[in-house]
Amino acid sequence: MKKTSLFIASFLAAGFVTDAFGVTKRKFDFVVGVDGDFKAAAAAAAAAKPSENNRFVIFFPEGEYDITKVTGDSHGRSVFSTSYVSLVGQNRDKTTISNTTDTEGISVTATLYFPNNNGMYMQDLTVKNKSSFASAEAARQVTIQQIGDRYIFKNVRLLSGQDTYYTNKGGRTYWEGGEIQGTVDFICGDGDVWFEGTNLVMTRNGGYITAAKTSTSWGYVFNNAKINVSNNSFNGTFYLGRSWGHAKTVFLNTTMYAQPRAEGWGPDMNSGPDVFGEYNSKNGNGGAVDVSRRKTYFDGGKDASTAKNLKTVWSASDAAKYTLANVLGGSDKWEPNKLTVQMGAPQISQDGADIVWADDENARCWAVFVNGKFKTSVATNSVSTEGIAVGSKVTVRAANSMGGLGATSNEISVQESNVTYFNVKLNESIGGSIETGLNSNKVAEGKTVSFTAKPVDGWKFAGWTGASAGNATDATIEITATSDIELGAIFAAPGLTVFQAETGVLGNAINESSNAGFAGSGYVNFGAGNSYVNIPVYVSAAGTYKMVMTYTNGSTSDRDLIIKAIGDGSSTVDAGQQITFEKTADWKTYPTKETEIKLPRGASYIQFAVVGSNDGPNLDQIELVPVDVEVIQTEEPKDTTNTVDTIPAAIAGNSLQQNFANRSAHIQLFSMHGKLIRNIKLANFDAESWELATRNLPAGNYILKIITPGYSKQRVFRVK
């Protein structure tokens, strides 16, 4: 979903369907190149606040995504700080995330840097650092630098030179398949990492595969791995690894298509290793590798006090304790290999206007491809052929609970269908969104579609509008397509005076919760340049309000924001104002600041935007207090659920007819959230004038306000 549509219904609203015994059905949350670039994807992920049970999946169709200037810092390193996110590609060898840096260094060059993430999942992607330096002593170019726990890499390829993969600190990581290429120490760092069946490719003469700096219990464990070289002249010249710091590195059941030097392990750097082990190494023909000359004494490098003798060639009993459960299980009994299980290939066919396949309770969603190109993801086991040319080749792949795609379905050619399609228009609503299982803004005739109104936190669903709403009052309605569908949801927050910034629609900004002291569930952290948040607010009367803003600004200087009210349909209510937010002692100190703002009655947005390319403060919440607002003398309705066919029927049989008959009248019609729909002045209160006031009025709930000299009336009514 695009970042600008987090709380606004769109024609392509993402569907959510919960199976009784399976995973929650949910489309890809963001498709790079379709919903926006990688920067927009990162912002959308941060705003969604993923959790272990609410994973955010970013999908990359085939192509190369150079993120150097998209999300890279001054050196080209991109920081991605949101946990429980999946980065999934269409095809590992044809889907690449890359960068180029202007320097070298293990901590400043990563294509992707995960600073303190948990629960990350990557599948079917190549990550490449394209930087190159002439000096072999200054060629540290990282692809992935990670800190955190429970990382999973399924069929991922990393391409660089020195320090390709940097496991910065402790934590658990599971690799399944995949490939890592490099020259020197190209797998380096800390943590317990299990490499299952991973291909290790040495791309230079005399390099080192690993350089562990271990503070955890198990270190690097390679099981059923493969070792290759990019040039046969490198065979027999490299080392399995060296000790960066108290290294623990084990190779079990390795197939060495290319073999290391006879001693196996290289000179120590900063200390002697704690564990270097090798068991059951085979050559490319399946025969045993000669390990009789493997190194057993380690001098400790720069720390002679750590010198020691080690048993580096192991027996089966030595290797027996190195199981996946022991190495990665931990106190939470983590079983990452169960999360990488791939979905089987669907069997697809065409049924009228739809391509269909059997449902699978374990599939999160399905990805649809037309002529090999990504078309869409769907949360239901069908997709419309509308918009797909006759003769096109269609395939489907199911995603597992982590978002990784399984085997490809059979291929079918789209056949011509005589089914009629109708348009689906979902009107934008302040304070919430409309969710539906539709995969496009079209629907086949006769198909029944479910629509659900989802209010923002603190808001309430207040009714439906639009020609297709009928008399529906529930938050979820079903509509069978017999004509074009037009639907809008009304949301209200009566009585609410405090509004959380993080409930707003974010643009190049993120929802954070790392700096304690905020109210609600977080705060908005603005980006530098074209960054904003539109906070949905609701007031019962138009006029001027005092706005108390809670913020923090732990930077070294004051920061400004431009503030303005935006009505329904993105119309600006006022000209806006620029407010300075003074610096605070730190990022955990939350003072308040006041200003005044004019607001329309009902629902609207208050926009906070950075000035030019500058950054902004962190915005926590706003509170609205009326200062000078309109006062309307009205008779409050006793029954707010009248069902009528026309406005005259709403007032028939009471004193209004006598009060307004043959007199001038000012008639105003409002939606339930305060949007002015009709504004008519009548010379005489008669049937012909009423027909003009109510012509083509869609079914739904409305507020009627009638004013004549000396009398006014306000009433809520419903049109069938």
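We number each residue from 1, following the sequence as shown.
Judged by distance alone, with hydrogens and angles left aside, the side-chain atoms of T198 form a donor-acceptor pair with the main-chain N or O of G177 at under 3.5 Å. Looking only at distances, a side-chain donor or acceptor of N117 sits under 3.5 Å from a matching main-chain atom of T82. The backbone N or O of V193 sits nowhere less than 3.5 Å from a side-chain atom of T173 that would complete a donor-acceptor pair. With hydrogens and angles disregarded, no donor-acceptor distance shorter than 3.5 Å links the side chain of Y113 to the backbone of T109. N381 places a side-chain N or O within donor-acceptor distance of the main-chain N or O of W357, the cut-off being under 3.5 Å. In this structure, K154 contributes its side chain and D124 its backbone to no donor-acceptor pair below 3.5 Å. Panel note: side chain Q123, backbone L405; a donor-acceptor pair is recorded below 3.5 Å. With hydrogens and angles disregarded, no donor-acceptor distance shorter than 3.5 Å links the side chain of T126 to the backbone of T96.
No side-chain N or O of T143 forms a donor-acceptor pair with one of S160 less than 3.5 Å apart. D149 and N118 are not linked by any side-chain donor-acceptor pair at a separation below 3.5 angstrom, with hydrogens and angles left out of the test. Between the side chains of S78 and T71, at least one donor-acceptor pair of N or O atoms lies under 3.5 Å. Counted by atom type alone, Q141 and T101 present one or more donor-acceptor pairs between their side chains at under 3.5 Å. Donor-acceptor pairing under 3.5 Å is recorded for the side chains of T480 and T448.
The two residues S417 and Q350 make their nearest non-hydrogen contact at CB-NE2, 4.4 Å. Of all the heavy atoms in C365 and F28, the pair that sits closest is SG-CE2, 3.8 Å. A pairwise comparison of heavy atoms in A363 and A398 identifies CB-CB, 4.3 Å as the closest pair. A110 and N99 get closest at one heavy-atom pair: O-ND2, 3.6 Å. Of all non-hydrogen atoms in S531 and N508, the two that sit nearest each other are OG-O, 2.7 Å. Between A489 and A453, the shortest heavy-atom contact is CB-CB, 4.0 Å.
Interatomic distance, CD of E176 versus CD1 of I152, reported as 9.0 Å (0.5 Å rounding). Distance check: N441 CG to T436 OG1 gives 11.5 Å after rounding to the nearest 0.5 Å.
Each of L125, I144, L158, V127 was scored for a side-chain contact (heavy atoms from CB on, under 4.5 Å) with F153, with one residue passing: I144. Each of Y165, Y121, W194 was checked for a ring-ring contact (aromatic ring centres under 6.0 Å, His included) with W175, and the lone residue meeting it is Y165. Among the candidates F30, W366, Y65, F374, the single residue satisfying the ring-ring contact (aromatic ring centres under 6.0 Å, His included) test with F59 is F374.
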Query raised in the report: Can V32 and I58 be said to form a side chain to side chain contact (heavy atoms under 4.5 Å, CB included), step by step?
Result: CA-CA 7 Å; V32 180; I58 300 174; 3.5 Å; yes
Query - Criterion side chain to side chain contact (heavy atoms under 4.5 Å, CB included) on V85 and F80, from CA distance to verdict - result: CA-CA 10 Å; V85 175; F80 190 100; 3.8 Å; yes
Query raised in the report: Does the side chain to side chain contact (heavy atoms under 4.5 Å, CB included) test come out yes or no for N362 and S401, once each step is laid out?
Result: CA-CA 7 Å; N362 295 312; S401 63; over 6 Å; no
Report task. Evaluate salt bridge (Lys or Arg N to Asp or Glu O under 4.0 Å) for D192 paired with R172, printing each intermediate quantity in order. Result -> CA-CA 5 Å; D192 293 330; R172 294 168 293 171; over 6 Å; no
Query raised in the report: How far apart are the C-alpha atoms of W464 and I434, what are their side-chain angles, what is the distance that settles it, and do they pass the side chain to side chain contact (heavy atoms under 4.5 Å, CB included) test?
Result: CA-CA 10 Å; W464 294 101; I434 302 174; 4.0 Å; yes
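Not counting sequence neighbours, the partners of F422 by the side chain to side chain contact (heavy atoms under 4.5 Å, CB included) test are T420, V443, E445, A481, D484. When the side chain to side chain contact (heavy atoms under 4.5 Å, CB included) test is applied to T376, the partners found at least two apart in sequence or on another chain are V368, V378, V383. Under the rule for a salt bridge (Lys or Arg N to Asp or Glu O under 4.0 Å), the partners of K130 that lie at least two apart in sequence or sit in another chain are E64, D66. N511 is linked by a side chain to side chain contact (heavy atoms under 4.5 Å, CB included) to K49, E502, L506, counting only residues two or more places apart in sequence or in another chain. Looking at residues two or more places apart in sequence or on another chain, you find a salt bridge (Lys or Arg N to Asp or Glu O under 4.0 Å) between E52 and R150.
More than 12 heavy atoms of other residues, nucleotides or ligands shown are found within 6.0 angstrom of CG on D332. Within 6.0 Å of NZ in K282 there are more than 12 heavy atoms belonging to other residues, nucleotides or ligands. Heavy-atom neighbours of K226 NZ from other residues, nucleotides or ligands within 6.0 Å: above the threshold of 12.
Using the six-membered ring where Trp is involved, F222 and Y220 have ring planes that are perpendicular, over 60° apart on the 30 and 60° scheme. Taking the six-membered ring for Trp and thresholds of 30 and 60 degrees, F38 and F60 have ring planes inclined between 30 and 60 degrees apart.
Counting only heavy atoms from C-beta outward, the side chains of N410 and I348 approach each other to under 4.5 Å. Residues T95 and E62 meet the side-chain proximity criterion, which asks for heavy atoms closer than 4.5 Å.
Pairs of residues two or more places apart, or lying in two chains, that qualify as salt bridge (charged side-chain N to carboxylate O under 4.0 Å, His left out) and include a residue from residues 362-384 are D29-R364.
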